[in-house]
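Remarks on the structure that follows.
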Amino acid sequence: MKIKEENPGEVDNVAFVKNYTQDLLKKASPTLQELQVSVFVDGLYALNQDNAAFREHLRDFIVQIKECAGDDLSDLYLQEKQEQLKQAAAAKLKYQMTVPGILNPHEVAEENMND
């Protein structure tokens, strides 16, 4: 069932949902400008196939909201920070495995002990 049939003034379902989302955001965050909300909602639809770009777009909008409210922004990049730490630890372990004697024998994987 199309939403358009219930609301004949709307062009199509996507336009209805965009307008409805914009109205909700304007009511929830009255400090945001109309253009900010419009760009954010349009971006949600434009970037829905690219997870990284979508996440970045969403994060930018949250930063805008939190900056207006004066909230702490440090937790927004926690997932990327954790991933960077995992990659750094893996790179360090890989390097340490190339130098004999750096790692404790208990830290070396069983498959490397058979070599």
Side-chain angles (χ1 to χ4, degrees):
M1 182 167 118
K2 292 190 171 196
I3 299 171
K4 172 172 115 172
E5 295 168 359
E6 295 177 11
N7 299 302
E10 294 297 325
V11 177
D12 62 359
N13 290 349
V14 173
F16 174 80
V17 173
K18 280 184 177 182
N19 289 335
Y20 184 76
T21 305
Q22 286 177 356
D23 289 341
L24 284 176
L25 289 171
K26 289 175 201 172
K27 290 175 186 173
S29 299
T31 57
L32 293 174
Q33 298 174 3
E34 174 109 14
L35 183 60
Q36 286 176 303
V37 174
S38 177
V39 168
F40 171 67
V41 173
D42 289 341
L44 293 177
Y45 285 91
L47 302 171
N48 66 351
Q49 298 297 315
D50 183 1
N51 275 346
F54 185 86
R55 185 182 308 129
E56 189 67 29
H57 182 69
L58 185 61
R59 184 180 295 134
D60 288 344
F61 185 70
I62 292 171
V63 166
Q64 289 175 4
I65 291 173
K66 289 191 173 216
E67 282 178 343
C68 290
D71 291 344
D72 182 27
L73 304 172
S74 62
D75 62 332
L76 292 176
Y77 296 94
L78 185 61
Q79 184 179 13
E80 282 77 11
K81 181 82 169 166
Q82 288 174 334
E83 186 62 32
Q84 287 175 346
L85 292 174
K86 285 180 186 179
Q87 290 175 354
K92 180 180 177 183
L93 180 62
K94 185 177 179 180
Y95 170 74
Q96 288 176 338
M97 290 177 75
T98 62
V99 180
I102 286 184
L103 292 177
N104 186 335
H106 300 306
E107 293 175 331
V108 178
E110 288 183 55
E111 61 190 58
N112 289 336
M113 292 180 73
N114 293 333
D115 292 341

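Computed from a prediction, not measured in an experiment: that's the story for all the values here. Counting from 1, the numbers follow the sequence of the chain as shown.
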Practice task
Could you tell me whether the side chain of V41 reaches within less than 4.5 Å of the side chain of L25, counting heavy atoms only?
Solution key: yes
Exercise for the section: Working to the nearest 0.5 Å, report the span between NE2 of H57 and CD1 of I62. Expected result: 10.5 Å
Completion exercise
residues 17-37 vs ring-ring contact (aromatic ring centres under 6.0 Å, His included), sequence neighbours excluded, gives none
Handout entry: ring pair (Phe, Tyr, Trp, His ring centres under 6.0 Å) involving F61 - partner list, sequence neighbours excluded
Key = F40
Completion exercise
Taken to the nearest 0.5 Å, the spacing of N48 CG from F54 CZ works out to 7.5 Å
Practice task
Scan for salt bridge (Lys or Arg N to Asp or Glu O under 4.0 Å) pairs involving residues 13-22, sequence neighbours excluded, and state none if there are none.
Solution key: K18-D42
Handout entry: Under-4.0 Å salt bridge between E56 and R59
Key = yes
Practice task
Heavy atoms only: give me the nearest L47-A53 pair and the separation to one decimal.
Solution key: CD1-O, 3.7 Å
Exercise for the section: Group every Ile, Leu, Val, Met, Phe, Trp and Tyr by side-chain heavy-atom contacts under 4.5 Å, then state whether L24 and L58 land in the same group. Expected result: no
Completion exercise
Taken in chain and number order and not counting sequence neighbours, the residues that satisfy side chain to side chain contact (heavy atoms under 4.5 Å, CB included) with V39 are L35
Problem - With D50 via salt bridge (charged side-chain N to carboxylate O under 4.0 Å, His left out) - residues at least two apart - result: none
Practice task
Only counting residues at least two apart or in another chain, list the ones meeting side chain to side chain donor-acceptor pair (under 3.5 Å) with E34.
Solution key: K26
